[in-house]
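Here the structure is laid out as structure tokens; the discussion comes afterwards.
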Amino acid sequence: MTPDEAARLLAACAAFDNRQPSEIAKQAWAAALRDLPLDNDTFDAVARFYSAPAQPGETGRRWIEPHHVRTTRTKIREERLGPTIPAYEPPVSPETGADFVTRRRAQLAAIADGREQAIPVGALTGGPHPRVVRQLEGVGRLIPADDDQPYMPADFRESVGMDARPPELSVPCPKDGCKAAARQPCKTPHGRTRKDAHQARVDAAGGAA
């Protein structure tokens, strides 16, 4: 913002607060807002400041300062930008990461200026993928004390086409010293759980089948 532009902005402020712009005032405002253009958003920031109700603890008449212009203008542009994404336009030639950042910033600036339309980003709908739902079935599942069946995810049971138990566990173990009940694993003579079933149980399960 140049000093002459700052003088025009101060004139807009004077319409609300009856200040008397001076040469030194326009020089000071131009220095404070040197990186801001004098555009409609800047003038709108002044109008919004004076149209807003007094803030808690604020006494006397309102008096706008450069930092009010800057923050209010930024808010106006952020509201216009909103939760949007720029419409994608493929570049004519391959672009680098730096090129993309430059183009992205230019698109966002154009949306904030109101010169370009953006694609509104709506709230995501739907739910998780069915496979994820199945995987989460057992999360937090309370297992009763008398539940002797280890939990298997539903999709695993479906994939194997059975209840995920070895078929020999469907019958009691007939071996002396074990006598494990149906659905219970076989035991060693010392009472420890075996990794596999006794051969007698495997044979018995084959005969039952």
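One is the number of the first residue; the rest follow in order along the sequence. Because the structure is predicted, anything quoted here is derived from the model rather than measured.
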| What pairs with K26 under salt bridge (charged side-chain N to carboxylate O under 4.0 Å, His left out), at least two apart in sequence or on another chain? | D4, E23

| Considering residues at least two apart in sequence or located in another chain, which fulfil the side-chain contact (heavy atoms from CB on, under 4.5 Å) criterion with K75? | R48, E79

| T42 side chain to V69 backbone, donor-acceptor under 3.5 Å | no

| Between CG on residue D41 and OG1 on residue T72, distance to nearest 0.5 Å | 11.5 Å

| message | Would D17 and R62 count as a side-chain contact (heavy atoms from CB on, under 4.5 Å) here? Give the steps. | response | CA-CA 7 Å; D17 55 27; R62 306 208 73 188; over 6 Å; no

| query | What about I76 and F49, same hydrophobic cluster or not, with Ile/Leu/Val/Met/Phe/Trp/Tyr joined at side-chain heavy-atom distances under 4.5 Å? | reply | no

| Does A181 offer a backbone N or O that forms a donor-acceptor pair with the side chain of Q184 under 3.5 Å? | no

| said: Give me the atom names and distance for the closest heavy-atom approach of T193 to K187. | reply: OG1-NZ, 3.0 Å

| query | Within the distance-only criterion (no hydrogens, no angle test), does the side chain of K179 pair as donor or acceptor with the backbone N or O of P174 below 3.5 angstrom? | reply | yes

| field | Residue pair C173 / C186: nearest heavy atoms and the distance that separates them | value | SG-SG, 3.8 Å

| message | Tell me whether R19 contacts the main-chain N or O of C13 through its side chain, where contact means a donor paired with an acceptor under 3.5 Å. | response | no

| What distance do R77 atom CZ and D44 atom CG have between them, rounded to the nearest 0.5 Å? | 11.5 Å

| task | Can you run down the ring-ring contact (aromatic ring centres under 6.0 Å, His included) pairs that involve residues 12-33, sequence neighbours left out, and say none if there aren't any? | result | F16-Y50

| Any L33 side-chain heavy atom under 4.5 Å of L9 side chain | yes

| Euclidean distance, K175 NZ relative to D203 CG, rounded to 0.5 Å | 11.5 Å

| query | Can you check whether A31's main-chain N or O pairs, donor with acceptor, with R34's side chain at less than 3.5 Å? | reply | yes

| task | Find out whether R201 and L169 are in side-chain contact, i.e. whether some heavy atom of one side chain is under 4.5 Å from a heavy atom of the other. | result | yes

| message | Hydrophobic clustering (ILVMFWY, side-chain heavy atoms < 4.5 Å, transitive) - are F43 and L36 grouped together? | response | yes

| said: Heavy-atom count check: over 12 atoms from other residues, nucleotides or ligands less than 6.0 Å from Q199 CD? | reply: yes

| query | Are any non-hydrogen side-chain atoms of D39 and R73 less than 4.5 angstrom apart? | reply | yes

